[in-house]
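Since the structure comes first, as structure tokens, the remarks are kept for the end.
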Amino acid sequence: MLIKRKIDQLLAKSNGMQLVWLMALSALCLAIAMFVAYLVYDDGKVTWQTVVAIFLDPGCFGGPGEHDFFRLSLAILSVFLFSALLVSVFTNVFENIREAAQNGSRRYALRDHVLIIGADKRLEGILRALVGEGRTAVVMAEAKPDVDASVGYIFYCGHRDVLADLASARPEHASAIYIIGEEGEEDHDDLNLKCLDMLTELTQSARHDIKCYMTIRDYTTTEVFQYLKARPEGRLLLVDTINDNEYKAEQLLVDSDRQFTPILRSGDKRRAHFVIVGTGPIAQAVAYTAAHICHYANYCEAGLRTLITFVGEDMEQWRDRLVASRPALFAMSHYRLVHADGTVASHQPEGGDFIDVEWQFVDAAETSPLARRIIEEQSDSATRVVVCHDDARSALESALHLPRRIYEEARVAVYLPGSDRLIRRANATGMYGHIEVFGQMDGTLGDPLFCRRSLCGQRVNYVYHRAYATEVMPTAEQAWYTICEADKYSSIFCANAMPLRRACFDMEGDRRPIYEAEHRRWMMSELIMGFAPGAKTDKKRFIHADIVPFDDLTKEEQDKDQILIDAMDYILG
């Protein structure tokens, strides 16, 4: 039984050992045949050359000479070994190699490849972008990805939390690594962080820098990264982290091609109003992305703040959760809770009223008369309704059953990570205006490799770096990977706001309103990233003295806003 199992294991291998064993068996048989010939034919009629000739070519058996039983047996053995077993072994080897390549168990000595760890919905978009650049992509996942067969890649079957699997992908020889994880994982962030730790260890022997992009899904994980002040030390991967939900929200609100975010210029009497239907990570991402970028000149002119309204049931609990996670932000902001019976509980800002974003929480289903009235009252061209249900059916029902005036006077977007076929048909009817779809990761994203997002952040940081660093790095990329995670996030948030600045402000006239708006953007980003105002800056305690009105800043601090705005063309490329 043991011998049978060993033989089965040998035949199942795809590394060519069957051929090695066949050659060894053939050599043994040939040696035995030569030894027998030496013992039996002492008259020299059958020389070793004769044995080898018959063994290699059984047809020699039919030539001149004696056709005895020994030479017949030798010819039959040769036919069995080389005509039967050899063909079978070669066929088996090639079949096993093909199967191993398909199931991802075969490995290659690659260099300068792009290693993608995981196979969630964004994979196809990443692969298409890499193929377009002519780069070799290796996907390591737990199962073979379901992507378009025309997209070329090498599949490795493996787990990102197993050191041996990661090592077999030769990450130290990769040109870039994407840690994206699998679809529907509850422990996605923890597994990605474990994978990053192991990759950091495995790439210590690398002879070149390796860019690494890691996605995270939980806002709590993002908060921790935004609080990280430690600068990278030693030889590490060049890591950028991307929150999946923030990235999706940015595709809707920052992408200038969509033109979804309201454009309000000086003198406009309207205010931007984002109505977010639903709660959860994507709703939070949309709200915070809007808060990062929507800072207009008419706040200083008429006191018009950007309003972000959440609509949904159990809204009081949602409000408490946001306030607990960003206490300094909400302590300094106007916000109110509208109960289902119409009563309102309001909060007034502490320590000064100069934050230009306010919040509203409507504790009622979007189909309730109260919620519909609140949504409809604000229905003008500066209102944006964003449906953020995780469940596709609920999202479609909400997006298609809003008050009639919303479709006529405002703009609507719906979060649909799956198919958008129904929305495309709805848009064709003319009944719903044009409903924008976001959240899809099937290759339709404008920046699937995160390069443009990272590049703009690098340029923001480099403008600041060249102005204030004691030792200036030669390139924006080199400077980028010397700063802490918190500074990276701050730079990206600044870059995200630049397209809207260019659309809303007069870049040829007095730029002071733009500088002032950039300061308000900076304060909002600092508050979202955990900072609170104080008399003296203490970054270890997350206190910043510059969270004050623009006019209260020193000339030196005002200049920091100026140099970023004046470098807008460079930042946006």
Side-chain angles (χ1 to χ4, degrees), residues 249 253-254 260-276 283-311 315 318-319 322-323 326-338 344-362 374-386 410-411 493-494 496-497 500-501 503-505 512-529 531-533 546-553 561:
L253 301 180
V254 178
F260 186 80
T261 302
I263 296 175
L264 304 177
R265 297 182 174 88
S266 178
D268 204 312
K269 302 303 182 184
R270 302 168 300 163
R271 68 170 175 178
H273 182 201
F274 289 87
V275 179
I276 300 172
Q284 184 174 350
V286 170
Y288 285 166
T289 301
H292 282 304
I293 67 177
C294 292
H295 305 276
Y296 300 99
N298 59 9
Y299 170 71
C300 292
E301 296 170 346
L304 295 174
R305 300 182 183 86
T306 295
L307 175 61
I308 299 175
T309 297
F310 291 96
V311 177
M315 190 53 65
W318 175 248
R319 179 207 62 182
L322 290 187
V323 171
R326 301 292 192 278
L329 168 63
F330 286 96
M332 300 193 64
S333 300
H334 288 270
Y335 65 88
R336 57 186 169 272
L337 173 66
V338 181
V344 179
S346 298
H347 172 270
Q348 301 301 315
E350 303 169 4
D353 185 2
F354 51 87
I355 301 300
D356 64 340
V357 176
E358 62 180 291
W359 310 79
Q360 181 173 240
F361 302 88
V362 180
I374 291 175
I375 294 172
E376 198 169 14
E377 284 176 353
Q378 298 288 339
S379 60
D380 60 28
S381 58
T383 295
R384 302 293 184 262
V385 179
V386 187
R411 293 192 62 182
F493 294 151
C494 176
N496 284 344
L500 190 63
R501 296 279 182 280
C504 293
F505 290 88
R512 180 183 170 82
I514 320 177
Y515 304 152
E516 197 273 342
E518 169 57 23
H519 177 63
R520 284 184 273 124
R521 193 282 316 161
W522 174 84
M523 287 194 297
M524 177 57 64
S525 296
E526 291 296 290
L527 290 168
I528 288 177
M529 293 196 298
F531 277 89
D546 295 329
I547 303 179
V548 295
F550 185 75
D551 289 339
D552 293 349
L553 293 174
D561 298 306

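In what follows, residues are counted from 1 in the order of the sequence shown.
A donor-acceptor pair under 3.5 Å links the side-chain atoms of Y296 to the main chain of P262, judged by distance alone.
Classified by interplanar angle (parallel below 30°, tilted 30° to 60°, perpendicular above 60°), the ring pair F361/Y335 is perpendicular.
Side-chain contact between V548 and L553: present, with at least one pair of heavy atoms (C-beta onward) separated by less than 4.5 Å.
For S333, there are no side chain to side chain donor-acceptor pair (under 3.5 Å) partners at least two apart in sequence or on another chain. With sequence neighbours excluded, the residues forming a side chain to side chain donor-acceptor pair (under 3.5 Å) with E301 are S266, listed by chain and number. Among residues two or more places apart in sequence or in another chain, the salt bridge (Lys or Arg N to Asp or Glu O under 4.0 Å) test is passed with D268 by R270. With sequence neighbours left out, F354 forms a ring pair (Phe, Tyr, Trp, His ring centres under 6.0 Å) with no residue at all. For R265, the side chain to side chain contact (heavy atoms under 4.5 Å, CB included) partners two or more places apart in sequence, or in a different chain, are I263. For P327, there are no side chain to side chain contact (heavy atoms under 4.5 Å, CB included) partners at least two apart in sequence or on another chain. Every residue two or more places apart in sequence or in another chain that forms a side chain to side chain contact (heavy atoms under 4.5 Å, CB included) with A283 is listed here: I276, F310, C388. R384 pairs by the salt bridge (Lys or Arg N to Asp or Glu O under 4.0 Å) definition with nothing, not counting sequence neighbours. Legend: residues meeting side chain to side chain donor-acceptor pair (under 3.5 Å) with T309, ordered by chain and number and at least two apart, are H273, Q360. Applying the side chain to side chain donor-acceptor pair (under 3.5 Å) rule to Y515 yields the partners D566; only residues at least two apart in sequence or on another chain are considered. For D353, the salt bridge (Lys or Arg N to Asp or Glu O under 4.0 Å) criterion is met by R305, not counting sequence neighbours. Evaluation of the side chain to side chain contact (heavy atoms under 4.5 Å, CB included) rule for E516 yields C300, R520, F550 as partners, not counting sequence neighbours.
Between M524 and A291, the closest heavy-atom pair is CG-O, 3.2 Å. Across all non-hydrogen atoms, the minimal contact from A287 to I308 is O-CD1, 3.4 Å.
A salt bridge does not link R521 with E526: none of the charged nitrogens is closer than 4.0 Å to a carboxylate oxygen.
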Verify side chain to side chain contact (heavy atoms under 4.5 Å, CB included) between F274 and V385, making sure each step is shown before the conclusion.
CA-CA 6 Å; F274 289 87; V385 179; over 6 Å; no

Apply side chain to side chain contact (heavy atoms under 4.5 Å, CB included) to R501 and I514, showing your working.
CA-CA 7 Å; R501 296 279 182 280; I514 320 177; 4.1 Å; yes

Verdict with reasoning, Q284 to W318, per side chain to side chain contact (heavy atoms under 4.5 Å, CB included)
CA-CA 10 Å; Q284 184 174 350; W318 175 248; 3.9 Å; yes

In sequence, state the C-alpha distance, the side-chain angles, and the governing distance for H295 and H292, and then conclude on side chain to side chain contact (heavy atoms under 4.5 Å, CB included).
CA-CA 8 Å; H295 305 276; H292 282 304; 5.6 Å; no

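Here CG of L253 is found 7.0 Å from SG of C294. Values are rounded to the nearest 0.5 Å.
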